[in-house]
Amino acid sequence: RRHAVTAVGNESWSFELSTKDDVLLAEYCLPEKLDPMRAPGDFFELLSEQVRKGPTPRLDASCVESLHRAACVLKFFEDVQNRAERLVESNKAMEAIVLTTSNWDIAFDADTKLMKIAAFRSWRDRGPAVGAVVAGLLGPLFWIPGVMVINEVVMRRVDMYGGLQGETPSGLDLAKATFRHHIARSLYDSPRVVRLGEVYELREELADIDVDAWKAAIAEGRHGELVKGRFEFDEK
């Protein structure tokens, strides 16, 4: 059963939050325009705010185990945000958006699902992908002009995300990220499963700290002092 939807947002993103079977669901529409320097931080800081509130029994402050899971989620958000911001600094804004807007399926282990973060793609978002499929079905006479129109629409959207600012280090990487975000994910956005218990560990020296110490560390943004480990990325 899905519980009540709560809307939260900032200048870059707007989320609808709900819970289902003790899993936090965060859904959002893709903005028409983004400032690449702000987008990753605004995305993950907004979600971190909600996690610190203990939105589900698996992430609340009722016991050390749930606080441990919350600290792992916050550390994961921090790792992804840092990676995305480094991509932006390298003039890879489109690649940063692709990473940030992955269809995240976050669990602590195989039996403990924690959170799902997914974009809701409108028909406007899916337009180029649907157009490419239709043009392909209609044959070569429609394919060539269809691709030209689709390319114009997609590149205009890339520019609105800051993907064409500065000198692009790799045209191939930009093309792959553009195709993935605007075409492939519009047809099927496969979940990116993350098991935090395989990435982050409790620091041994903190094994005996009490619930109040955990609460204080998480509330003050000191979750990195509680767990160790770093999420590894497959993006180049």
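- A side-chain contact (heavy atoms from CB on, under 4.5 Å) with Phe77 holds for exactly one of Met115, Glu45, His223; it is Met115.
- Side-chain heavy atoms closer than 4.5 Å link hydrophobic residues (I, L, V, M, F, W, Y) into clusters, and following such links, even through other members, never connects Met37 to Leu164.
- Note on Arg192 versus Asp105: no salt bridge recorded, every NZ/NE/NH1/NH2 to OD/OE distance being 4.0 Å or above.
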Verdict with supporting geometry, Glu95 and Val98, side-chain contact (heavy atoms from CB on, under 4.5 Å): CA-CA 5 Å; Glu95 291 91 324; Val98 167; 5.6 Å; no
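- Considering only heavy atoms from C-beta on, Thr101 comes within 4.5 Å of Trp13 through its side chain.
- Residues Thr178 and Val154 meet the side-chain proximity criterion, which asks for heavy atoms closer than 4.5 Å.
- The number of heavy atoms from other shown groups lying within 6.0 Å of NZ (Lys75) is above 12.
- A salt bridge between Arg69 and Glu65 is absent, with no side-chain N of the basic residue lying under 4.0 Å from a carboxylate O of the acidic one.
- Transitive grouping of hydrophobic side chains (ILVMFWY, heavy atoms separated by less than 4.5 Å) keeps Met160 and Leu87 in distinct clusters.
- A salt bridge links Asp189 to Arg185: one of the charged nitrogens lies within less than 4.0 Å of a carboxylate oxygen.
- Between Ala129 and Ser186, the shortest heavy-atom distance links the atoms CB-CB, 3.6 Å.
- Taking each heavy atom of Leu47 and Ala26 in turn, the nearest pair found is CD2-CB, 3.9 Å.
- Contact between Pro128 and Val153 at its shortest, heavy atoms only, is CG-CG1, 4.1 Å.
- Clustering ILVMFWY residues whenever any of their side-chain heavy atoms sit less than 4.5 angstrom apart, transitively, puts Val193 in a cluster other than the one holding Leu99.
- Of the N and O atoms on the side chains of Ser66 and Asp60, at least one donor lies less than 3.5 Å from an acceptor on the other residue.
- The nearest pair of heavy atoms linking Val158 to Leu174 is CG1-CD1, 4.4 Å.
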For the pair Phe120 and Asp125, evaluate side-chain contact (heavy atoms from CB on, under 4.5 Å) and give the outcome as yes or no after the intermediate values. CA-CA 9 Å; Phe120 173 79; Asp125 298 323; over 6 Å; no
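- Side-chain contact check for Arg157 versus Arg124: some heavy-atom pair is nearer than 4.5 Å.
- Checked against the 6.0 Å centroid criterion, the rings of Phe43 and Tyr28 qualify as a close aromatic pair.
- Taking 4.0 Å as the cut-off between side-chain N and carboxylate O, Arg83 and Asp79 do not count as a salt-bridged pair.
- For the pair Leu25/Thr19, no side-chain contact is recorded, criterion being any heavy-atom separation below 4.5 Å from C-beta on.
- Salt bridge annotation for Glu225-Arg222: present, with a cationic side-chain nitrogen under 4.0 angstrom from a carboxylate oxygen.
- Separating the CG atom in Leu67 from the OG atom in Ser62 is a distance of 7.0 Å, to the nearest 0.5 Å.
- Contact of the Thr56 side chain with the Val23 side chain is not registered, since no non-hydrogen atoms from C-beta on lie closer than 4.5 Å.
- In this structure, Val211 and Ala61 approach most closely via the heavy-atom pair CG1-O, 3.8 Å.
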Give the C-alpha distance, both sets of side-chain angles, the deciding distance and a yes or no for side-chain contact (heavy atoms from CB on, under 4.5 Å) between Tyr161 and Lys33. CA-CA 6 Å; Tyr161 279 7; Lys33 186 175 183 178; 5.7 Å; no
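- Residues Val227 and Arg203 form no side-chain contact, since every pair of their non-hydrogen atoms from C-beta on lies 4.5 Å or further apart.
- In the hydrophobic clustering of ILVMFWY residues, with side-chain heavy atoms under 4.5 Å counting as a link, Phe231 and Val88 come out apart.
- Once rounded to the nearest 0.5 Å, the distance linking CG of Leu196 with CD of Glu201 reads 12.5 Å.
- To the nearest 0.5 angstrom, Lys20 atom NZ is 12.5 Å from Asp22 atom CG.
- Here the side chains of Phe76 and Val199 are not in contact, with every heavy-atom distance at 4.5 Å or above.
- No more than 12 heavy-atom neighbours from other residues, nucleotides or ligands sit within 6.0 angstrom of CD on Glu32.
- Atoms CG and CG, from Leu46 and Asn10 in turn, are 5.0 Å apart once rounded to the nearest 0.5 Å.
- A heavy-atom distance below 4.5 Å is not found between the side chains of Met94 and Asp173.
- Distance check: Ile218 CD1 to Ser48 OG gives 11.0 Å after rounding to the nearest 0.5 Å.
- Residues Leu30 and Met155 fall within the same hydrophobic cluster, defined by Ile, Leu, Val, Met, Phe, Trp and Tyr side chains chained together at heavy-atom separations under 4.5 Å.
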From CA spacing to verdict: side-chain contact (heavy atoms from CB on, under 4.5 Å), Leu226, Ile209: CA-CA 10 Å; Leu226 303 172; Ile209 66 171; 3.7 Å; yes
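- Checked against the 6.0 Å centroid threshold, His68 and Phe108 count as a close aromatic pair.
- Of all the heavy atoms in Ser12 and Leu34, the pair that sits closest is O-CD2, 3.8 Å.
- In this structure, OG on Ser18 lies 11.0 Å from NZ on Lys116, to the nearest 0.5 angstrom.
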